[in-house]
Amino acid sequence: MVQTEIINLFHEVGKVFQSISNASTYDSTKLAITATEYEDFENLLPMLERNNPWFTEQHTRLALGGIASWLNRTDLSTWAAQYPTSPKAPKTVAVIMAGNIPLVGFHDFLCVLIGGHQALCKFSSQDEALWKAILHILQSIDPRIQAHYTIASGKLTGFDAVIATGSNNTAISFKYYFDKYPHIIRQNRTSVAVLDGQETDEDLQKLADDIFSYFGFGCRNVTQLFVPQDFDVQRLFANFLNYSSWINHHKYMNNFDYYRALYLMNSESILENGFVIMRFNDLLHAPPAVVNCHRYQNLDEVEQIIASRNDEIQAVVGKNGIPFGASQCPGLSDYADGVDVMDFLSKL
């Protein structure tokens, strides 16, 4: 398949993703799959949640909707046009995917196929079933796509380059094993928000989306808040109430109870409102049910902290950064870790 045909295929897949994201009724006039295939995909979502309670139906639909926003002919064509149309010699690119949130490796997979290479996919066990369902949809719409990817089982072999995402520990192993290959190796990152005190309640409610979506597991989830010295943090609690039901999720509740007890035993400075703990420090990373908060004297101080820890930060929300509520809505060119995957692929 040539690039335009692959773009057309993903355009059709985007319609399916958007429909599933919205929990819409099957519409044969809009979707290029059968009613049975659509129903099978829908039935998969509760199964995913049973296998991994962190992957709720709500979050899987959210992930599908975010991806669907990319998958239209106009945006894909404009994005792809910035790079060489096809490689001189297509390569096999191993794509090792993380499993912190549903389909976190989709953008890498898309890049490899749009870039004219073949993907050797190593799925996370957390969403492997979801991936296989998506590959089935791709094949159903255009069987020729099967020639553009393979699924790795066991040890990775027969590849020319690697894109791997994992924890800080796995990244060390990845760098050791794949050092002789062209590679992109990613490790833990998180996101921060900078408030200047002029935020409206609507801004703070959108900030809650940046914090609580996917229970905080994504690298684009905000886990550190920089607020002015005199900022009333009770405003945050008041505007986070849309997510108070998270405490009814047993795994989230376990995190809340565990870390509240731990911090109290350690005599740490915290506030909590029954479903989220605010911890006052300058740490970037935080577990589910916890958000860090750092009071600053001036913005120069914040800029210095961010600059010094840039390799740990994925996105900056708020003051002079990404708009509140948009951290989980990256565009096609918002590459993880700021590394242009399409440029990397074009130079293989």
Side-chain angles (χ1 to χ4, degrees), residues 45-46 48-63 65-66 100-102 104 126 188 190-195 197 199-228 231-295 314-315 317-318 322-329:
L45 303 190
L48 290 171
E49 183 169 354
R50 287 193 297 272
N51 292 342
N52 177 5
W54 290 118
F55 281 24
T56 64
E57 286 191 52
Q58 176 185 351
H59 285 150
T60 301
R61 292 186 196 276
L62 178 64
N100 51 321
I101 65 175
V104 69
Q126 302 301 327
N188 287 351
T190 192
S191 296
V192 304
V194 181
L195 283 64
E199 289 76 19
T200 64
D201 286 345
E202 182 182 4
D203 289 333
L204 300 182
Q205 288 162 21
K206 290 179 179 179
L207 173 62
D209 297 336
D210 299 321
I211 294 170
F212 294 102
S213 296
Y214 306 113
F215 295 113
F217 278 113
C219 65
R220 300 185 72 86
N221 281 106
V222 169
T223 52
Q224 170 62 266
L225 305 176
F226 293 100
V227 303
F231 187 86
D232 180 8
V233 296
Q234 293 298 333
R235 286 191 62 209
L236 297 172
F237 283 146
N239 285 288
F240 291 173
L241 289 176
N242 286 341
Y243 287 91
S244 60
S245 62
W246 261 205
I247 200 63
N248 298 320
H249 185 280
H250 70 282
K251 282 187 170 291
Y252 184 92
M253 179 181 65
N254 288 343
N255 270 265
F256 177 85
D257 290 341
Y258 172 80
Y259 285 104
R260 179 176 60 176
L262 178 65
Y263 299 150
L264 288 175
M265 284 191 299
N266 290 338
S267 300
E268 291 197 33
S269 176
I270 65 170
L271 292 175
E272 56 95 355
N273 64 349
F275 72 92
V276 63
I277 300 165
M278 188 168 296
R279 191 180 182 202
F280 292 89
N281 56 46
D282 59 359
L283 300 176
L284 295 184
H285 296 270
V290 179
V291 59
N292 299 314
C293 186
H294 176 80
R295 293 187 182 276
Q314 185 68 23
V317 173
I322 296 170
F324 292 110
S327 72
Q328 298 293 348
C329 307

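The shown structure was predicted, so the numbers you read here are calculated from the model rather than taken from an experiment. Because only heavy atoms are used, hydrogens play no part in the values below, and waters and symmetry mates are left out as well, while side chains stay in.
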Check your understanding: How close do Cys219 and Ser191 get, heavy atom to heavy atom, and via which atoms?
Key -> O-OG, 2.8 Å

Review point. For the atom pair CG (Leu284) and NE2 (His294), what is the distance rounded to the nearest 0.5 Å?
Key: 10.5 Å

Exercise for review: Considering non-hydrogen atoms only, spot the tightest contact between Pro228 and Gly197 and give its length.
Suggested key: CG-N, 3.8 Å

Exercise for review: Would you check if the side chain of Asn273 reaches a backbone N or O of Val276 as a donor-acceptor pair within less than 3.5 Å?
Suggested key: yes

Study note, to complete from the structure: For Cys293 and Val227 the tightest heavy-atom approach is SG-CG2, 3.7 Å

Study note, to complete from the structure: Note: Asn255 and Pro287 closest approach over all heavy atoms is OD1-CB, 4.3 Å

**Study point:** Gap separating the CD1 atom of Ile211 from the CD atom of Gln224, nearest 0.5 angstrom
**Key:** 10.5 Å

**Study point:** From CA spacing to verdict: ring pair (Phe, Tyr, Trp, His ring centres under 6.0 Å), Tyr243, Phe275
**Key:** CA-CA 8 Å; Tyr243 287 91; Phe275 72 92; 8.2 Å; no

Exercise for review: Could you tell me whether a side-chain N or O of Glu57 sits under 3.5 Å from a main-chain N or O of Leu45, the two making a donor and an acceptor?
Suggested key: no

Exercise for review: Would you check if there is a donor-acceptor pair between the side chains of Gln328 and Asn221 at a distance under 3.5 Å?
Suggested key: yes

Review point. Out of curiosity, Arg279 CZ to Ile270 CD1, how far, rounded to the nearest 0.5 Å?
Key: 9.0 Å

Point to revise | Pairwise distance CG(Leu195) to CZ(Phe324) - rounded to 0.5 angstrom | key: 4.5 Å

Practice item. Give a yes or no answer on whether the side chain of Asn100 reaches the backbone of Phe217 with a donor-acceptor pair at less than 3.5 Å. Key: yes

Review point. Are the side chain of Asn292 and the backbone of Leu283 linked by a donor-acceptor contact shorter than 3.5 Å?
Key: yes

Exercise for review: Output every pair passing salt bridge (Lys or Arg N to Asp or Glu O under 4.0 Å) with a member in residues 239-266, not counting sequence neighbours, ordered by first then second residue.
Suggested key: Asp257-Arg260, Arg260-Glu272

Review point. Under 3.5 Å, is there a donor-acceptor pair between the side chain of Asp210 and the main chain of Ser327?
Key: yes

Revision key, fill the gap. Heavy-atom nearest pair, Met253 first then Ile247, reads CB-O, 3.3 Å

Practice item. Could I get the full list of ring-ring contact (aromatic ring centres under 6.0 Å, His included) partners for His249, not counting sequence neighbours? Key: Trp54, Phe215

Exercise for review: Identify the heavy atoms of Ser213 and His59 that sit nearest to each other, and give their distance.
Suggested key: C-NE2, 4.0 Å

**Study point:** Backbone N/O of Glu199 and side chain of Arg235: donor-acceptor pair under 3.5 Å
**Key:** yes

Practice item. Please confirm whether the backbone N or O of Asp203 pairs with a side-chain atom of Gln205, one donor and one acceptor, at under 3.5 Å? Key: no

Review point. Would one find more than 12 heavy atoms of other residues, nucleotides or ligands at under 6.0 Å from atom CD of Glu202?
Key: no

Point to revise | Side chain Tyr214, main chain Ala63, donor-acceptor under 3.5 Å | key: yes

Practice item. Determine the interplanar angle of the Phe240 and Phe212 rings, folded into 0 to 90°, and report it as parallel if under 30°, tilted if 30 to 60°, perpendicular if over 60°. Key: perpendicular

Revision key, fill the gap. Between the CZ atom in Phe237 and the CG atom in Leu204, the distance rounded to the nearest 0.5 Å is 12.5 Å

**Study point:** Interatomic spacing from CG in Leu207 to CG in Asn239 - rounded to 0.5 Å
**Key:** 9.0 Å

Point to revise | Test item: Asp232 side-chain N/O and Gln234 main-chain N/O as donor-acceptor pair under 3.5 Å | key: yes

Check your understanding: Just wondering, do Thr60 and Glu49 contact through their side chains at under 4.5 Å, heavy atoms?
Key -> no

